[in-house]
Amino acid sequence: MSNKTRSILKGIAVVLVLLAVVMQLGWVIIPSISVYKFWFVVIAFGMLLISSK
């Protein structure tokens, strides 16, 4: 896996976690995906594990 792909995966993981945190704080409300906040964090963690060396 190239460094560019690793960086992209890490960036997507950070965005997913930030989205989950912002929805938990109530600053942004997206009703259709608000029930999946936990799974966003789980998927982000998995992406970080995959992208680590």
Side-chain angles (χ1 to χ4, degrees):
M1 185 181 304
S2 69
N3 285 335
K4 184 177 180 180
T5 306
R6 283 190 184 106
S7 297
I8 291 171
L9 285 176
K10 288 177 184 178
I12 293 171
V14 167
V15 168
L16 283 176
V17 170
L18 286 177
L19 180 63
V21 168
V22 167
M23 286 192 314
Q24 182 67 32
L25 291 174
W27 294 347
V28 173
I29 299 172
I30 305 172
S32 60
I33 62 173
S34 65
V35 295
Y36 301 114
K37 288 182 283 197
F38 171 76
W39 293 111
F40 284 163
V41 175
V42 170
I43 290 169
F45 182 71
M47 290 172 68
L48 284 177
L49 285 178
I50 290 170
S51 65
S52 66
K53 288 186 177 181

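Heads up: numbering here begins at 1 and tracks the sequence.
- One distance of note links CD1 of Ile43 with CG of Leu48; it measures 12.5 Å at 0.5 Å rounding.
- Here Ile29 sits alone; no ILVMFWY side chain lies under 4.5 Å from its own, so it joins no hydrophobic cluster.
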Quiz: residues 3-11 side-chain donor-acceptor pairs under 3.5 angstrom, not counting sequence neighbours:
unit_1: Asn3; atom_1: OD1; unit_2: Arg6; atom_2: NH1; d: 3.3
unit_1: Thr5; atom_1: OG1; unit_2: Ser2; atom_2: OG; d: 3.0
unit_1: Arg6; atom_1: NE; unit_2: Ser51; atom_2: O; d: 3.3
unit_1: Arg6; atom_1: NH1; unit_2: Met1; atom_2: O; d: 3.2
unit_1: Ser7; atom_1: OG; unit_2: Asn3; atom_2: O; d: 3.0

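- Hydrophobic clustering, defined by side-chain heavy atoms of Ile, Leu, Val, Met, Phe, Trp and Tyr closer than 4.5 Å, leaves Val41 isolated from every other such residue.
- In this structure Val21 satisfies the side chain to side chain contact (heavy atoms under 4.5 Å, CB included) test together with Val17, Leu25, sequence neighbours excluded.
- One hydrophobic cluster, built from ILVMFWY side chains closer than 4.5 Å, cannot hold both Val42 and Phe45; they sit in different ones.
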Residues 32-40, side-chain donor-acceptor partners within the protein, below 3.5 Å, at least two apart:
unit_1: Ser34; atom_1: OG; unit_2: Pro31; atom_2: O; d: 3.3
unit_1: Lys37; atom_1: NZ; unit_2: Gln24; atom_2: OE1; d: 3.2

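- Side-chain heavy atoms closer than 4.5 Å link hydrophobic residues (I, L, V, M, F, W, Y) into clusters, and following such links, even through other members, never connects Leu49 to Met47.
- The hydrophobic cluster containing Val14 also includes Leu18, under a criterion of side-chain heavy atoms closer than 4.5 Å among ILVMFWY residues, counted directly or through chains of members.
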